[in-house]
Amino acid sequence: MPRATPIRPPVRPPVWVRNGEELAHLVARLRGATVVAMDSESDSLHHFPEKVCLIQVGTAEGEVFLVDPLAHRDLAGLAPLLADPAIVKVLHGAAYDLASMKRDFGFEVAGLFDTMVAAQFLGLPEVGLTALLTQVLGIEAGESRQKDDWAVRPLSAAQEHYAAEDVRHLCALRARLTESLAARGRTGWVEEECRALEGTPAAGRVFDPDDCLAIKGVRGLDRRGLGILRELFVAREAWSHERGRPPFKVMGNETLLRLAAARPESREALTQIPGCTPTVLARYGEGVLLAVARGLAVSERDLPILRRPAKPRLTPAVERRIASLLAWRADAAPRVGLDPGLLLPRRLIEPLAQGAPAGLPALEAVDGMRRWRVAEFGPEILAALSGGGSSTGPRPAACAGSPGGGRG
């Protein structure tokens, strides 16, 4: 995509929305709009459980509204706007924002356009928002503030500017990207992916004590160490809720592993363990010793067992089809200018090789396959499956060619 003449709509200061009256004004302002830009900021790096702290709304005219859910939590007035498929909602990297807003406010979203997805389908080398604004619109973005604590009020001038700029140019960016997508015949591809993204489930976190067994480095512990680690893991979760801080900020996984291996039974022993700083000892020292004691008291039969997940054994025919699909993907991806993982994700390759669909209808029925893949690359995929070996019989004649498969 050639770099265009910079687009710089008139910069207006953002308008804060902090109460019901101001929210009603925003909803009225957006009534009749065909496209709005949106983003959100959360506090996952600083607080626990996390929450949405700011929602930014931008218009095609360059206006920006900063909706403050910490000041006014009832945002039901925005729900009809978000659920209306006739109003395009432009977001960048929408999955996290959608999951977070669904969790906190029960929003459902229709009419999504994700600028990151669009950039991926155009084969752009960098798909981050900062890079796209520079490459497509000629706009230089400022310093990132993604690691800030967005629960703090008031926001600094720099934070307010960053939040506003995250949505101010999204409508213009969408306009440029849609032009390029149309020129390459990929508008429908992006629309289908965005419809799938709209179904992103609400974010949720279910705590499982045995999740500690997935911590990197856990295989260096014996079963007694695993028992102690599990008790420490449960204790850390409770401390996180009590203090409202993310678990990794209460005590790092490396410290948990060291404690589980050393099995300290006194405060003096705790002081010898890296990560057990004076602050950690003051806040959690007694709790750590109690968790270690509980782990030491667990009966042998109740200690955790570390098991490697059993991988299904693949037949030689399935392995050949996997290899054939990977080879096809490696050849086709540069030909059509797409990342291999976008053209045919790894999550689809084994199901395709296992099921060996015979024909385009069967191929389209594979969960997650998408119509655009079948329409553009279906015959090539079927040919690759057939060339990789099959026990299901000959392939249909449609496998021989690929209408439009090489369109770039």
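On a predicted model such as this, the values are computed, not experimentally measured, just so you know.
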S.K.: For side-chain contact (heavy atoms from CB on, under 4.5 Å), just list the numbers for Lys89 and Val36, CA-CA rounded to whole Å, side-chain angles, deciding distance to a tenth of an Å, and then say yes or no.
M.R.: CA-CA 5 Å; Lys89 270 69 69 176; Val36 297; 3.9 Å; yes

S.K.: On the six-membered ring of Trp16, is Arg18 placed so that its NZ or CZ lies under 6.0 angstrom from the centre and within 45° of the ring axis?
M.R.: yes

S.K.: Can we say Arg370 and Glu193 salt-bridge, meaning some charged N sits less than 4.0 Å from an Asp/Glu carboxylate O?
M.R.: yes

S.K.: Using atom types as modelled and distance alone, determine if a side-chain donor or acceptor of Thr59 lies under 3.5 Å from a backbone N or O of Glu61.
M.R.: yes

S.K.: Is the Phe48 to Phe248 ring centre distance short of 6.0 Å?
M.R.: no

S.K.: So does Arg205 pair up with Glu237, basic N to acidic O under 4.0 Å?
M.R.: yes

S.K.: Can you tell whether the side chains of Asp222 and Arg263 come within less than 4.0 Å, N to carboxylate O?
M.R.: yes

S.K.: Does Glu165 reach the main-chain N or O of Tyr162 with its side chain, forming a donor-acceptor pair under 3.5 Å?
M.R.: no

S.K.: Answer yes when Glu63 and Arg12 have at least one side-chain N-carboxylate O distance shorter than 4.0 Å, and no when they do not.
M.R.: yes

S.K.: Is it true that Asp210 and Arg230 make a salt bridge, defined as a side-chain N closer than 4.0 Å to a carboxylate O?
M.R.: yes

S.K.: Cationic tip of Arg174 within the cone over Phe113's six-membered ring, i.e. under 6.0 Å and within 45° of the normal?
M.R.: yes

S.K.: Would you compute the distance between atom CG of Leu221 and atom CZ of Arg224 and round it to the nearest 0.5 angstrom?
M.R.: 12.5 Å

